[in-house]
Amino acid sequence: AMDILAQLPRGTLRRKHSLSTSPGLGLGWDLDRDASSVVELPRLYAMPKRRQKQGARGDSKSSGAALAPNSDDLPDVPKGGGDDIGVACAIVEALLQQGVFRSKEKQQMHFVLDVLQSCASKLRQCSSKDDLISMLLSSDLDEQTREYLKNFAATPPRGARKTLRQIAQAVIFTHRLRGHGEVKRQNSLSLCMGPTGSLQEEVEKLDSWDDFDVFQLDVVTDHSPLSCVAMSVVRSRGLSSYFALSQFHSFVREIEGQYHERPYHNRLHAADVTQSVHVMLGDNFTELHAVATIFAAICHDVGHPGVTNAFRVTLADELAITYNDKSVNENMHAAIAYRTLQLNGCGCFANVTKEQYTAIRKLAIELILGTDMATHFDNHKLCKRTVDESGPDPQRWEHPAIALQWMVHTADICSTARPFATADLWTDRLLDEFFLQGDRERELGLPVSPLCDRQTANRTTSQLGFVNFIVKPSLEMLQVICDVKTCMEHLDAYVDQYKQRLAQEKDAEKQNTPDGGA
């Protein structure tokens with residue numbers, strides 16, 4: 001389509017639409033300028049990048065000068081996106097209606113119009129960020145919850161230059177983080193050899209979304225739930241041939257020891273997500289995909305400091321600087337995982353070929369980085385488009401990693417889809433961690449992040465907002481790929497419970513008003 005437009009002689013549209021500026025079109029643009037945009041921009045974009053600057057300046061010595069418009073004639077360049085494609089569609093459609101093209105040209109321009117309209121349609125289907133903003137603005141959520149959710153749709157700002165004071169604060173904070181309690185490690189190989197007694201009863205629940213209880217598992221494993229889940233899942237799925245089991249056990253124990261004692265992002269959360277991924281995977285993927293996905297789930301939050309990426313970027317801590325403010329925690333998790341693999345006795349992939357190891361590493365890193373909430377809407381858009389184009393079976397996709405990335409991300413955020421007692425406990429833990437960050441921000445004289453102020457955050461409305469705008473759409477997308485019916489049922493029950501709480505809170509608030517709510 002771009003080639004056809006670019007092949008039109010310079011100024012063709014402007015010469016052919018002498019009637020196009022008549023009020024009868026009612027298009028609302030300067031068609032002289034915008035028609036020129038349709039023709040000239042493909043020519044400019046078609047040039048090699050190093051020639052664009054020369055050509056756009058009208059440098060006659062440049063080999064691209066003949067293709068590019070002179071700088072005086074260059075129309076306003078569209079910013080990109082659905083609106084610009086819509087403008088181009090309307091321009092081409094208007095010119096076709098005027099009958100200014102010869103038969104062959106008309107046929108070509110109809111093809112151009114079909115392509116542009118198809119692109120516009122796909123962009124409209126994938127406007128989840130804009131949809132979220134619109135829904136938030138029209139919702140009755142409290143302001144803190146609205147601001148918190150809007151952060152997920154925001155484009156991350158470019159990192160500002162950090163002051164020496166900020167860098168010093170960041171280094172001090174990072175050292176404090178490293179000093180926080182480590183999980184007690186055990187040397188016993190009992191979990192590697194197989195569970196017994198009450199432990200066996202809990203392990204037998206690993207295949208069940210309803211019955212699995214990571215908090216009970218934490219008790220019967222003497223606070224080693226991740227090691228138990230990881231070893232049991234690998235054996236259950238018949239993946240032992242990919243791992244040297246003794247080294248895998250040592251690796252998982254090392255990883256579990258590097259999960260800090262945070263209220264939410266801790267070894268229990270890692271075990272919970274690993275079991276969730278195990279259930280979601282079913283038998284829908286290859287063994288190599290399962291290996292990489294389970295490995296990623298085990299390591300996806302290792303070393304989590306209990307604060308958000310935005311907090312670390314604001315503080316300019318050393319890892320925010322190292323990773324250029326991009327997915328700071330997630331990059332750190334992946335790096336810790338692969339540094340741990342290099343420790344003596346932890347090389348658990350000794351049984352795989354070099355090619356298999358490379359594929360596992362590439363996919364595992366991709367899955368861990370995909371847990372960054374900043375990528376939520378872009379990845380949702382990508383997954384939806386892939387389903388629309390290639391169908392619901394990921395094995396038929398060119399890149400099955402898209403489905404696996406969405407699966408791990410959804411497993412990471414769907415603790416509210418557990419049976420209600422468990423889900424409610426996870427909610428308490430998450431808010432406790434948020435409030436600790438808010439306390440830290442207040443100590444540092446920083447603005448307190450949305451939902452991190454223990455004095456003003458509304459627990460009920462914040463959870464309803466997060467579930468309705470983030471978790472539920474995530475599971476709805478995932479259910480196209482795999483069976484998450486049970487998760488959806490529990491999530492609906494969670495929403496019902498919280499709606500009842502919200503109604504009770506509002507009733508209590510009315511009763512406490514001076515006029516008794518009259």
Report summary line: Output for pair (Thr293 OG1, Phe285 CZ), nearest 0.5 Å, gives 7.5 Å
Report summary line: Heavy atoms of Pro263 and Leu436 approach each other most closely as CG-CD1, 3.8 Å
Query - Ring center gap for His269 and Tyr264 short of 6.0 angstrom - result: yes
Report task. May I ask you to check whether Phe215 and Trp426 place their ring centres under 6.0 Å from each other? Result -> yes
Query - Pair Tyr242 and Phe295, ring centroids less than 6.0 Å apart - result: no
**Report entry** SB check Arg454 Asp432 (cutoff 4.0 Å)
**Finding:** no
**Report entry** Trp209 ring center within less than 6.0 Å of His278 ring center
**Finding:** no
Query raised in the report: What about the rings of Phe251 and Phe243, do their centers lie closer together than 6.0 Å?
Result: no
Query - Salt-bridge contact Glu443-Arg440 (side-chain N to carboxylate O under 4.0 Å) - result: yes
**Report entry** Heavy-atom pair with the smallest gap, counting every atom of Glu254 and Cys346
**Finding:** CG-SG, 3.7 Å
Query - Gap separating the NE2 atom of His380 from the OG1 atom of Thr410, nearest 0.5 angstrom - result: 8.5 Å
Query raised in the report: Got a second to check how far Gln258's CD is from His260's NE2, nearest 0.5 Å?
Result: 8.0 Å
